[in-house]
Amino acid sequence: MKFAAFAQLPLGQQTEHLLRTGHHLADRAEHGCRLQLYALEDFYAEVWRLVGEERVLFINLFQKPALLQNWLDSVRLPEEL
């Protein structure tokens, strides 16, 4: 699914799609939140949750690789590229 189509989905459907088809790249904590980074077809998604909770607060979508800067220390790339 491309960026524009994904952005139109409600939060619950975005979350389900990420878990089914997204490539989990990293986890980190910031401002009392637990963040998870996913890669999809032509964009990245940051899932924000409060620490200790499973409910998704919001999902931040972006396409610019420069916005990965905060994630560089925690990204795990697949062994087979």
Side-chain angles (χ1 to χ4, degrees):
M1 179 178 300
K2 299 285 186 183
F3 179 87
F6 186 89
Q8 297 299 313
L9 295 174
L11 181 62
Q13 289 180 9
Q14 287 181 347
T15 303
E16 288 176 19
H17 189 75
L18 280 175
L19 294 176
R20 274 195 329 269
T21 64
H23 300 283
H24 180 254
L25 298 176
D27 297 287
R28 67 184 173 99
E30 183 176 311
H31 305 297
C33 291
R34 180 171 50 107
L35 285 74
Q36 295 176 300
L37 178 66
Y38 289 87
L40 285 96
E41 269 189 57
D42 64 341
F43 65 97
Y44 299 96
E46 291 177 330
V47 178
W48 288 68
R49 294 180 170 92
L50 290 175
V51 171
E53 293 189 19
E54 288 303 311
R55 182 177 61 91
V56 173
L57 294 174
F58 65 93
I59 298 175
N60 181 44
L61 307 176
F62 61 94
Q63 292 180 297
K64 296 181 181 179
L67 297 176
L68 290 170
Q69 187 66 37
N70 292 332
W71 288 97
L72 291 181
D73 291 337
S74 55
V75 170
R76 296 182 322 264
L77 294 176
E79 297 281 330
E80 300 173 19
L81 291 177

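These figures come from a predicted structure and were not determined experimentally.
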Task: Heavy-atom pair of closest approach, residues F43 and Q63 - done: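 Closest pair (atom of F43, atom of Q63, distance): CB-CG, 3.7 Å.
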Open item on the list: Ring-plane angle category for W48 and F58, please: parallel below 30°, perpendicular beyond 60°, tilted otherwise.
Closed with: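 Because their plane-to-plane angle is under 30°, the rings of W48 and F58 count as parallel.
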Could you state the interatomic distance from [atom1] ([X]) to [atom2] ([Y]), rounded to the nearest 0.5 Å?
X: Q13; Y: Q8; atom1: CD; atom2: CD; result: 11.5 Å
X: I59; Y: F6; atom1: CD1; atom2: CZ; result: 5.0 Å
X: Y38; Y: L18; atom1: OH; atom2: CG; result: 6.5 Å

Below 4.5 Å, heavy atoms only, C-beta onward: do [X] and [Y] meet side chain to side chain?
X: L61; Y: L40; result: no
X: R28; Y: N70; result: yes
X: E46; Y: L67; result: no
X: R49; Y: R55; result: no
X: V47; Y: T15; result: no

Return yes if some donor-acceptor pair links the side-chain N/O of [X] with the main-chain N/O of [Y] below 3.5 Å, else return no.
X: D42; Y: K2; result: no
X: R34; Y: E53; result: yes
X: H17; Y: L19; result: no
X: Q36; Y: D27; result: no

- [ ] Step through the shown structure and confirm whether more than 12 heavy atoms of other residues, nucleotides or ligands are within 6.0 Å of OH on Y44.
- [x]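 No.
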Task: side chain to side chain contact (heavy atoms under 4.5 Å, CB included) evaluation trace for V56 with Q14 - done: CA-CA 10 Å; V56 173; Q14 287 181 347; over 6 Å; no
